[in-house]
Asks: 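Please find one structure pasted underneath; my questions will follow.
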Amino acid sequence: MYDNNHGLYVAHCADGALDIKGKMANRHGLIAGATGTGKTVTLQVMAETFCQAGVPCFMADMKGDLSGISQSGKMSGFIEKRLPEFGIENPQFQACPVRFYDVYGEQGHPIRATISQMGPLLLSRLLGLNETQDGVLNIVFRVADECDLLLDDLKDLRSVLDYVSKHAKDYTTQYGNVSTASIGAIQRALLQLENQGANKFFGEPSFDIYDFLQTEGGKGVMSVLAADKLMLQPKLYSTFLLWLMSELYSTLPEVGDLDMPKLVFFFDEAHTLFEDTSKAMTDKIEQVIRLIRSKGVGIYFVTQSPTDIPETILGQLGNRVQHALRAYTPKDQKAVRTAADTFRANPAFKTDEAIMNLETGEALVSFLDEKGAPSIVQRAKILFPLSQIGAISEGQRLDIIKQSRIYGKYDTPVDRESAFEKLLKEAEASNVPAVADEEDDDNLPAEEKNEKGEAIKKKGKGFLSKVVKAVLTAATATIATSVGTAVSNKVTGKKSKSTKSTTEKMVKNTTSAATRTITRELTRDILGNLLK
């Protein structure tokens, strides 16, 4: 909870209240712990505390539990028992202003991005491409830029891939080899992505990142992403959240260290962000984490163990809440020691032993002080939420969606003229002349009609003259051969065949020779036209 005395009051230890310093809230943070130790409630407490301070938050709701932040909480025996421990006499239960989002558009406002906004680096990670395929994808994006082909959705990207494949020779010498195998691999990966429902994410209207930076009644708006279905595709989920962080980084202006951050971004199941991630991508994530704080944004990772986060990024997370870890195997024991080593030691207890003995709702807490130095780790109890713990009904969710200020802004997809439509028009235009030559003779001017008719007549006469010439040549040759044979028989005294037989043979030979000649001339004429 937030008040003037305690500030961003999140936990309570033996020494008193533990709060996050507003100026240090943009130095990022970590919420870690095994399943069932209270990470989700801690996230809810921190989010509503920022909300009461006027700071909007974004969070992914993996199980639907965080939707309860939209409703006021109620007194319970558990809360009543803890009131004296926290020094709270009369808690003011209250709801937070909430906007629900859903990539699939089923449980909230749709969130879309264009292929161009996603870019080749994130798209390559999403598709699981190797280095060669990644290079081809970069060529495709470059060609799209040069040819003014807008990449809005998946069909646009498919069209440009096909276009580049057909003109591969034109781009190979300029950008490098574009193999059919690489194009095919990218197309198959796009098909798999489409089967996962990603076609609902890519398109327009694209999401305006400033819709996350809203307040209502002095409270920060809580943007809750329904991620129960999205989480079934971990790479799509993590790449989507990484895109959101990148958009925040590239869109928001530099503001330095404010009294309160402009936005707090909670990244649940953070381990998915770093699984099967190349070094180039990890370096990109580290750069965003390192520099986005100057835009007034705090990133808080939520995961089971600190070892899920690369050391280069873990070192950037100054505000930490560590719930219990279990150590059943040597690997688990090593993870516990690693988690303990990330805290500034407290002489009152052994950190590694305390991590394994924490109760549900308890945590080891260390926040940055006013100077930005990590405080000594404290064993503390996390405050109870002032909003409802647990999911809300579908009717309540629907009412909140309809009452939202952005209701209807993103609901209807827009398919404007982009790469797919432009390339389709070009393909259709390239086929028009051939059809027009055959069907549009009636529309030709009289002079052109006469010229075309004369050309056809000349062509016909030329071919007919060739046929007559072939028949005469064949007949002459046959007659000459027969006469020669008859004279020879007369001189040698051989008996000649009957006149009828000789005549029939002459006709037969003449016909056969003429047929062969006509066939030869016809073949030459056809081949000549084809070559033209």
Side-chain angles (χ1 to χ4, degrees), residues 58 60-62 100-130 133-134 136-138 140-141 144 149-162 164 182-209 211 223-248 267-278 281 284-285 409-416 418-421:
F58 171 88
D61 189 6
M62 314 306 294
F100 292 112
Y101 294 94
D102 185 1
V103 168
Y104 300 101
E106 298 171 355
Q107 302 181 65
H109 306 294
I111 296 182
R112 296 186 189 86
T114 65
I115 294 290
S116 296
Q117 286 176 322
M118 180 67 72
L121 181 62
L122 291 180
L123 196 60
S124 177
R125 179 187 187 274
L126 183 58
L127 297 174
L129 305 182
N130 60 32
Q133 295 158 1
D134 177 59
V136 171
L137 186 63
N138 276 272
V140 169
F141 269 76
L149 299 172
L150 297 177
L151 297 176
D152 286 345
D153 49 31
L154 290 178
K155 70 177 185 301
D156 290 328
L157 182 56
R158 284 186 176 280
S159 297
V160 179
L161 280 166
D162 182 62
V164 172
S182 294
I183 294 289
I186 298 173
Q187 292 280 30
R188 288 193 298 273
L190 286 174
L191 178 61
Q192 293 175 355
L193 193 63
E194 193 172 2
N195 290 338
Q196 295 171 9
N199 55 320
K200 294 183 179 180
F201 169 61
F202 291 109
E204 288 194 319
S206 56
F207 184 71
D208 182 0
I209 214 70
D211 282 337
S223 298
V224 180
L225 175 72
D228 51 344
K229 184 177 178 181
L230 182 61
M231 193 56 215
L232 298 177
Q233 310 296 337
K235 187 157 286 188
L236 178 59
Y237 164 75
S238 59
T239 306
F240 165 69
L241 292 192
L242 182 55
W243 167 75
L244 284 180
M245 289 195 300
S246 300
E247 281 293 294
L248 288 167
F267 199 131
D268 203 356
E269 299 294 336
H271 66 278
T272 59
L273 183 59
F274 306 103
E275 291 179 348
D276 301 324
T277 301
S278 65
M281 178 58 69
K284 174 69 175 177
I285 298 171
K409 182 176 180 180
Y410 301 108
D411 295 296
T412 304
V414 176
D415 189 10
R416 61 172 175 167
S418 49
F420 173 78
E421 289 79 12

Asks: For the residue pair I186 and V140, establish whether any side-chain heavy-atom pair is separated by less than 4.5 Å.
Replies: no
Asks: List the residues meeting side chain to side chain contact (heavy atoms under 4.5 Å, CB included) with S116, not counting sequence neighbours, and say none if there are none.
Replies: T114, L151
Asks: If I compare all heavy atoms of L137 with all of P120, which pair ends up nearest, and what's the gap?
Replies: CD2-O, 3.8 Å
Asks: Quick one: list whatever passes side chain to side chain contact (heavy atoms under 4.5 Å, CB included) with T239, sequence neighbours left out.
Replies: M118, L122, R125, L126, K235
Asks: Taking only residues two or more places apart in sequence, or in another chain, which ones meet E106 in a side-chain hydrogen bond (donor to acceptor under 3.5 Å, both in side chains)?
Replies: K229
Asks: Mind checking side chain to side chain contact (heavy atoms under 4.5 Å, CB included) for I183 and listing every partner two or more places apart, or none if nothing turns up?
Replies: V136, L161, S165, V178, Q187
Asks: Could you work out, with ring-ring contact (aromatic ring centres under 6.0 Å, His included) as the rule, every residue matching Y410, not counting sequence neighbours?
Replies: F207
Asks: Counting C-beta onward and ignoring hydrogens, is there a side-chain heavy-atom pair between Q233 and V103 closer than 4.5 Å?
Replies: no
Asks: Rounded at 0.5 Å granularity, tell me how far CG in N130 sits from OG in S182.
Replies: 7.0 Å
Asks: Mind checking what makes salt bridge (Lys or Arg N to Asp or Glu O under 4.0 Å) contact with D211, not counting sequence neighbours?
Replies: K409
Asks: Going by heavy atoms in the side chains, are E421 and D415 under 4.5 Å from each other?
Replies: yes
Asks: Run through F240, Y101, Y237, Y104 and flag the one making a ring-ring contact (aromatic ring centres under 6.0 Å, His included) with F201.
Replies: F240
Asks: Using the test side-chain hydrogen bond (donor to acceptor under 3.5 Å, both in side chains), find all partners of D61 that sit at least two apart in sequence or belong to another chain.
Replies: none
Asks: Please name all residues satisfying side-chain hydrogen bond (donor to acceptor under 3.5 Å, both in side chains) with D156, sequence neighbours left out, ordered by chain then number.
Replies: S418
Asks: To the nearest 0.5 Å, tell me how far S246 OG sits from L121 CG.
Replies: 8.5 Å
Asks: If you take all heavy atoms of G105 and P110, which pair is closest and at what distance?
Replies: CA-CG, 4.1 Å
Asks: Return the CG to CD distance between L191 and Q196, rounded to the nearest 0.5 Å.
Replies: 10.0 Å
Asks: Search all heavy atoms of G108 against all heavy atoms of D102 and return the closest pair with its distance.
Replies: N-CB, 3.6 Å
Asks: In Å, rounded to the nearest 0.5 Å, how long is the span from OG of S238 to CZ of F267?
Replies: 6.0 Å
Asks: Does M231 form a side chain to side chain contact (heavy atoms under 4.5 Å, CB included) with D268? I'd like the steps, not just the answer.
Replies: CA-CA 10 Å; M231 193 56 215; D268 203 356; over 6 Å; no
Asks: Going by side-chain hydrogen bond (donor to acceptor under 3.5 Å, both in side chains), name the residues that satisfy it together with D208, two or more places apart in sequence or in a different chain.
Replies: none
Asks: Name all residues meeting the side chain to side chain contact (heavy atoms under 4.5 Å, CB included) criterion together with Q192; count only those two or more places apart in sequence or in a different chain, and write none if there are none.
Replies: none
Asks: Any non-hydrogen side-chain atom of R416 less than 4.5 Å from a side-chain atom of L150?
Replies: yes
Asks: Go through the structure and list residues passing ring-ring contact (aromatic ring centres under 6.0 Å, His included) with F420, not counting sequence neighbours.
Replies: none
Asks: What residues form a ring-ring contact (aromatic ring centres under 6.0 Å, His included) with F202, not counting sequence neighbours?
Replies: none
Asks: One pair to check against side chain to side chain contact (heavy atoms under 4.5 Å, CB included): K284 and L242. What are the steps and the verdict?
Replies: CA-CA 10 Å; K284 174 69 175 177; L242 182 55; 5.9 Å; no
Asks: Testing the basics here: between L127 and L190, what is the closest heavy-atom pair and its distance to 0.1 Å?
Replies: CD2-CD2, 3.9 Å
Asks: Taking all heavy atoms of R112 and all of T412, pick out the closest pair and write down the distance.
Replies: NH2-C, 4.4 Å
Asks: After noting the C-alpha distance and the side-chain angles of L273 and M281, does the key distance pass the side chain to side chain contact (heavy atoms under 4.5 Å, CB included) rule?
Replies: CA-CA 10 Å; L273 183 59; M281 178 58 69; over 6 Å; no
Asks: Measuring from M62:CE to L225:CG, what's the distance to the nearest 0.5 Å?
Replies: 8.5 Å
Asks: Could you grab the distance from atom CG of L241 to atom CG of L230, nearest 0.5 Å is fine?
Replies: 7.5 Å
Asks: Shortest non-hydrogen contact from P205 to P413?
Replies: CD-CA, 4.1 Å
